[in-house]
Amino acid sequence: MATTEETFTASRVVQYCSDLIRLDTTVGSRPEREAAEYVAERLAAVGLEPLMLEGAPGRTNVVVRVPGREPGLPPLLVHSHLDVVPADPSGWTVHPFSGEVKDGYVWGRGAVDMKDMVAMILDAVTAMRAAGRAPRRDVVLAFVADEEDGGTHGAAWLMERHPDLLADCDVAIGEVGGFSVPTPTGSFYLLETAQKGAFTLELTANGLAGHGSMLNDRNAVQVLARTVSAIADHPFPLRLTPTTREFLDRLGEAFGLSDTTDDPESALAAVGEVGRIIGATLRHTATPVALRAGGAPNVIPAHAHARIDCRSVPGHEEEFLAELRRLIPSEVTSRVVPRGDGHENTLDGDLGNAISAALLAEDHTARLVPFCMSSATDARHFSRLGIRCFGFVPLRLPPGGDFVSMFHGTDERVAVDSLTFGARVLHSFLSTY
């Protein structure tokens, strides 16, 4: 049976999450200002002094330092973003910006990406301050704008304009990671210790313009189509990093599988939908996302353009670029637009021990397992300061759901029990690390 304090905390973290979802912060159309004010008000209410910093009008970031008991230790950065991706209400069970609590879940856009983390941070800090306790070390909280569109007005802007607010931090936690994955021996809790790098490859095929009824062996559209197909269909080789090898080894131990590094794609079937994320990190990927050429129905254009979304395995970026260039013919020009370097970090004893202890206090079957993330987060910006970035949003997930599909998906929702679990884990982790 829950104690009075646990019941109060559960009510509070759910209210925070629901309130934040109702504040529409759709990237590209709605500013984050109102959500930033909500966060800042709650931080100020417990005696903190948050800074509100705008990368552009209405694109508001909140940064605050929570003093720790041992100020000689390097501070910890805890970051989350306030913006969300668009949501079309027509396909949802409830309105995506209702924040409705229904069937044991908080529903709405941002419930897992990532207003749940914002709510859990606010709840953990509120509980800590109300009890007169302080974290072990200084904790810098950053609630940022614009992550879903690259962080231009959020994390990237903070790094350019206000790096002094974060420069003494040596470790950061943020999205994506910390969620449970059932195994025959208990639960994996995935800790993101690595991310793939991201860049856009822009291609332009140059040909000979002409009438659509005529034969043309310099048709830019044909040249571009062949090039895009060659890149999309290219079998990039396996590149297993130390993080991925460790994940596969742990997977083999938990499920009784052998040779998981020889045939990792087959082994990943054991963890269901989560295997899609891990599977995308086993090799470089190059995915066509845009094509543009011509206009008139009877004119062969002189030029055709394409964009390829490229994700590189950390530590193998130059190899990837060289392989891509071998696939591009001379009549196609290319340009690389960087979107964030990849990184890979090792989990030191103090950090891993503190996270594991906080998880085990709530789930005695918990086992912390590192993984590499297939996409990029604000960690790509914060890592520019030399901060070791990890993905940790602690959630014990209910059985039977497809958590991966919640990210940017229809009917995004987070279990009430998962929220309260995460708030307690964060409270414990911040108190001891």
Side-chain angles (χ1 to χ4, degrees), residues 32 35-36 39-40 42-44 46 48-56 59-83 114 117-118 120-122 124-125 128 134-178 191-195 338-348 350-351 354-355 373 376-393 426 429-430 433:
E32 295 87 352
V39 169
R42 275 133 196 88
L43 295 171
V46 294
L48 297 171
E49 299 179 357
L51 296 173
M52 296 182 65
L53 305 163
E54 291 199 335
R59 311 309 303 276
T60 313
N61 306 277
V62 181
V63 181
V64 68
R65 185 172 292 238
V66 184
R69 305 187 306 270
E70 300 181 38
L73 294 174
L76 168 72
L77 170 63
V78 181
H79 61 94
S80 53
H81 62 83
L82 298 172
D83 61 324
M114 60 176 302
M117 180 63 159
V118 178
M120 291 188 294
I121 294 169
L122 289 177
V125 171
M128 192 175 291
R136 183 182 172 205
R137 65 187 68 221
D138 284 7
V139 176
V140 178
L141 305 177
F143 304 89
V144 300
D146 200 33
E147 189 274 344
E148 297 291 3
D149 198 28
T152 302
H153 305 302
W157 181 82
L158 284 174
M159 292 301 91
E160 293 165 4
R161 299 295 185 91
H162 300 280
D164 53 301
L165 296 175
L166 315 170
D168 56 345
C169 298
D170 74 333
V171 168
I173 62 168
E175 60 174 350
V176 174
L191 181 73
E192 181 200 298
T193 60
Q195 283 187 9
R339 304 207 319 267
D341 294 334
H343 62 263
E344 185 168 26
N345 296 308
T346 56
L347 189 61
D348 64 53
D350 286 348
L351 179 63
I355 292 176
M373 184 62 190
T377 69
D378 278 332
R380 59 183 156 168
H381 304 302
F382 295 125
S383 63
R384 285 160 43 194
L385 290 177
I387 300 173
R388 294 185 301 129
C389 294
F390 299 88
F392 183 62
V393 179
L426 281 176
F429 169 65
L430 296 178
Y433 174 61

I need the Y433 OH to I173 CD1 distance, nearest 0.5 Å. 10.0 Å
Indicate the atoms forming the closest heavy-atom contact of L191 with G391, along with that distance. CD1-O, 3.5 Å
Kindly assign one of parallel, tilted or perpendicular to the pair F429 and F392, based on the angle between their ring planes and the thresholds 30° and 60°. perpendicular
Side chain of R388, backbone of T193: donor and acceptor closer than 3.5 Å? no
Would you say the side-chain atoms of R380 pair up with the backbone N or O of R339, donor to acceptor, closer than 3.5 Å? yes
Check whether the side chains of E175 and H81 place a donor and an acceptor atom closer than 3.5 Å, and report yes or no. yes
Run the side-chain contact (heavy atoms from CB on, under 4.5 Å) check on V78 and L426 step by step: do they pass? CA-CA 10 Å; V78 181; L426 281 176; 5.6 Å; no
Are side-chain N/O atoms of E54 and T60 paired as donor and acceptor at under 3.5 Å? yes
Might you confirm whether atom CZ of R161 has over 12 heavy atoms from other residues, nucleotides or ligands at distances under 6.0 Å? no
Is the number of heavy atoms from other residues, nucleotides or ligands within 6.0 Å of CG (D170) greater than 12? yes
So do L385 and C169 actually touch side chain to side chain, heavy atoms under 4.5 Å? no
Hey, is the main chain of A145 close enough, under 3.5 Å, to the side chain of D83 for a donor-acceptor pair? no
So which atom in T152 and which in D149 form the shortest heavy-atom distance, rounded to 0.1 Å? OG1-O, 4.3 Å
Exercise: identify the closest heavy-atom pair between P50 and L48: CD-O, 3.3 Å
Keeping the roles fixed (side chain from E192, backbone from V176), state whether a donor-acceptor pair exists under 3.5 Å. yes
Does E70, at its CD atom, have more than 12 non-hydrogen atoms belonging to other residues, nucleotides or ligands within less than 6.0 Å? yes
If you define the side chain from C-beta out and look only at heavy atoms, does anything of F390 sit under 4.5 Å from I355? no
Under 3.5 Å, is there a donor-acceptor pair between the side chain of R137 and the main chain of G68? no
Would a distance-only check, ignoring hydrogens and angles, find a side-chain to backbone donor-acceptor pair under 3.5 Å from H381 to G150? yes
Under the criterion side-chain contact (heavy atoms from CB on, under 4.5 Å), I'd like the reasoning laid out for L76 against R136: C-alpha separation, chi angles, the key distance, then a yes or no. CA-CA 10 Å; L76 168 72; R136 183 182 172 205; over 6 Å; no
Quick one, L158 with L53, criterion side-chain contact (heavy atoms from CB on, under 4.5 Å). Give me CA distance, side-chain angles, the key distance, then yes/no. CA-CA 8 Å; L158 284 174; L53 305 163; 3.9 Å; yes
Heavy-atom closest pair, residues E147 and A376: OE2-O, 3.8 Å
Whether D146 side chain and H153 backbone form a donor-acceptor pair below 3.5 Å: yes
Report the distance from atom CG of L82 to atom CG of N61, rounding to the nearest 0.5 Å. 7.5 Å
Taking all non-hydrogen atoms of both residues into account, name the closest pair between D378 and G151 and its distance. OD1-CA, 4.3 Å
If we ignore hydrogens and angles and just use 3.5 Å, is the side chain of N345 paired with the main-chain N or O of C389 as donor and acceptor? yes
A40 and M52 have their tightest heavy-atom pair at CB-SD, 3.9 Å
Determine, stepwise, if the pair H79 / V144 fulfils side-chain contact (heavy atoms from CB on, under 4.5 Å). CA-CA 7 Å; H79 61 94; V144 300; 5.5 Å; no
